[in-house]
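Structure record follows, encoded as structure tokens.
None of these values were measured; they are calculated from a predicted model. In what follows, chains carry the letters A, B, and so on, assigned in the order in which the sequence lines appear, proteins first and then strands, with residues in each chain numbered from 1.
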There are 2 protein chains.
Amino acid sequence: MSTRDTGTEQLIRDTAKHLFFAEGKLHATTQEIADAAGVNRTLVNYYFRSRDILFDQVFNEAQEVFSSTLDEVFESSMPFKEKIRNLINVFIEETTQYPYRQLFIITEMNRDLVLYSKRSRVNKVKSFIEEIQLEMDNGELRKMDPRQFIINLFSLMAHPLITAPLQQAIFGMNDDEYAKLMEERKELIFETIFR
Amino acid sequence: MSTRDTGTEQLIRDTAKHLFFAEGKLHATTQEIADAAGVNRTLVNYYFRSRDILFDQVFNEAQEVFSSTLDEVFESSMPFKEKIRNLINVFIEETTQYPYRQLFIITEMNRDLVLYSKRSRVNKVKSFIEEIQLEMDNGELRKMDPRQFIINLFSLMAHPLITAPLQQAIFGMNDDEYAKLMEERKELIFETIFR
DNA sequence: CTTTTGTTTAACAATTTTGTCAAACTAAAA
DNA sequence: TTTTAGTTTGACAAAATTGTTAAACAAAAG
């Protein structure tokens with residue numbers, strides 16, 4: 001079965017991702033996805049056969065992108081501080097674009113049914129943990145469980161973007177003002193992490 | 001219309017909250033809620049008339065609890081450090097019990113339709129921000145936008161609990177191990193915040 | 001130009017989820 | 001005990017969502 005590739009399949013996938021990850025419309029129906037993509041709903045079934053398959057594809061892709069983003073950082077051979085600086089830039093950039101991606105992953109994980117690939121990333125992080133431990137031994141970082149360091153780092157990066165609507169309500173800020181605050185965070189996080 | 005109060009109405013509400021906030025089942029149907037509560041699905045309509053009304057009640061209650069939790073802290077008259085210590089304990093306790101409550105709120109906010117009370121909490125936070133500013137002026141805290149301080153604090157507290165399933169997968173930890181890590185965080189966050 | 005084949009569409013069917021209603025039930029009041 | 005009124009249940013209806021099919025369409029091949 002050769003293909004003529006009208007781009008529709010990818011359009012649907014991308015639109016779904018945008019609704020889920022960027023707009024946080026976790027309940028989006030196939031009709032809503034089709035409408036947002038400007039195509040006939042039937043095409044969702046034509047290309048993906050079922051709603052679940054589309055969801056699975058988006059879910060798996062999300063996991064892979066998320067994973068490989070981490071791996072790139074974990075496995076790069078830059079000096080530690082540079083590596084962190086790079087991570088902050090890349091991660092915040094991605095999370096700004098797709099703030100609800102992690103949220104989507106977690107929601108799908110909590111949905112039973114879904115048999116998500118549970119292959120842990122233990123091995124991949126291991127070297128990163130060792131590297132952090134080394135920095136602590138050398139007095140470059142405050143001593144703590146290296147996992148706590150990682151959790152701190154990701155919390156400071158991701159959470160304000162995931163909860164943007166709430167934060168904006170609390171502080172009474174509009175989108176632009178909040179975006180500016182997030183931009184300032186890049187440096188701030190770096191300083192906070194390295195005390 | 002007087003009531004006999006069999007507790008069923010509250011049971012349904014509480015079960016819904018548990019599914020949404022504790023288990024992260026953001027897609028739960030009325031049937032699933034009824035099953036989890038061990039009651040006939042029709043009772044959801046009897047007591048709440050419609051699914052949407054039940055959702056609205058849960059949503060509003062969540063917002064109120066969340067808000068008043070913050071207010072209690074913001075408006076208390078303890079010394080600053082004690083106040084923060086107290087906040088960390090209370091907030092982590094609550095978020096451990098209901099890790100997905102914020103997530104539920106945000107998801108519902110992103111769902112259009114829902115006309116959530118947008119009354120900002122600007123006034124309530126204002127005094128807290130001033131208090132933080134004062135601490136910074138006195139050299140007790142590193143100088144930064146006080147809002148960033150607040151965001152840091154809440155990020156460090158909430159995010160690891162919201163993303164627990166992901167973190168556990170990354171680090172290959174079971175529930176108990178992760179719970180222990182979270183317990184250790186209380187002190188760690190305090191130290192991190194006060195550098 | 002005609003055929004072929006992949007794409008798109010609309011109408012229809014099936015399924016899932018939600019909502020309604022009357023009858024059965026149950027605890028308190030009369 | 002009978003009555004009353006709120007509660008619970010099952011059967012049914014309505015609505016929303018998803019899936020299927022045949023026909024229309026369009027671009028490339030022959």
Per [X] side chain, nearest of listed nucleotides [options]:
X	options	result
A:Thr3	D:dG6, C:dT7, C:dG19	C:dT7
A:Thr29	D:dT21, D:dT9, D:dT18	D:dT18
B:Thr42	C:dT8, D:dT9, C:dT9	D:dT9
B:Ser50	D:dT9, D:dG6, C:dG19	C:dG19

For [X] and [N], what is the distance between atoms [atom1] and [atom2] respectively, to the nearest whole Å?
X	N	atom1	atom2	answer
B:Asp5	C:dA27	CG	C1'	13 Å
B:Glu9	D:dT8	CD	P	10 Å
A:Ile33	D:dG19	CD1	P	11 Å
B:Gln31	C:dT18	CD	P	9 Å
A:His27	D:dT18	NE2	P	13 Å
B:Asn45	D:dA14	CG	C1'	12 Å
B:Phe48	C:dT17	CZ	C1'	18 Å
A:Tyr46	C:dA11	OH	P	21 Å

Under 4.0 Å, counting only non-hydrogen atoms across every strand here, what does [X] touch: a base, just sugar-phosphate, or nothing?
X	value
A:Tyr47	sugar-phosphate
A:Asp52	nothing
A:Thr6	sugar-phosphate

OP1 or OP2 of C:dT8 under 4.0 Å from side-chain N/O of A:Asn40: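 No.
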OP1 or OP2 of C:dT7 under 4.0 Å from side-chain N/O of A:Arg4: no
NZ (A:Lys126) with more than 12 external heavy atoms under 6.0 Å: no
Heavy-atom donor-acceptor pair, B:Arg41 side-chain to C:dG19 base, under 3.5 Å: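 Indeed, a donor on one side and an acceptor on the other fall under 3.5 Å apart.
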Base of C:dG19 paired with side chain of B:Thr30 (donor-acceptor, under 3.5 Å):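 In this structure, the two groups form no donor-acceptor pair.
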Whether B:Phe20 and B:Phe104 hold their rings parallel, tilted or perpendicular, with breakpoints at 30° and 60°: parallel
Ring geometry between B:Phe149 and B:Phe80 (parallel below 30°, tilted from 30 to 60°, perpendicular above 60°):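 B:Phe80 and B:Phe149: tilted rings.
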Distance-only donor-acceptor check, side chains B:Asp35 and B:Gln31, under 3.5 Å: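 Yes, a side-chain donor-acceptor pair sits under 3.5 Å.
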B:Asn138 (side chain) donor-acceptor with B:Glu140 (main chain) under 3.5 angstrom: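 Pair absent, no side-chain N/O of B:Asn138 close to backbone of B:Glu140.
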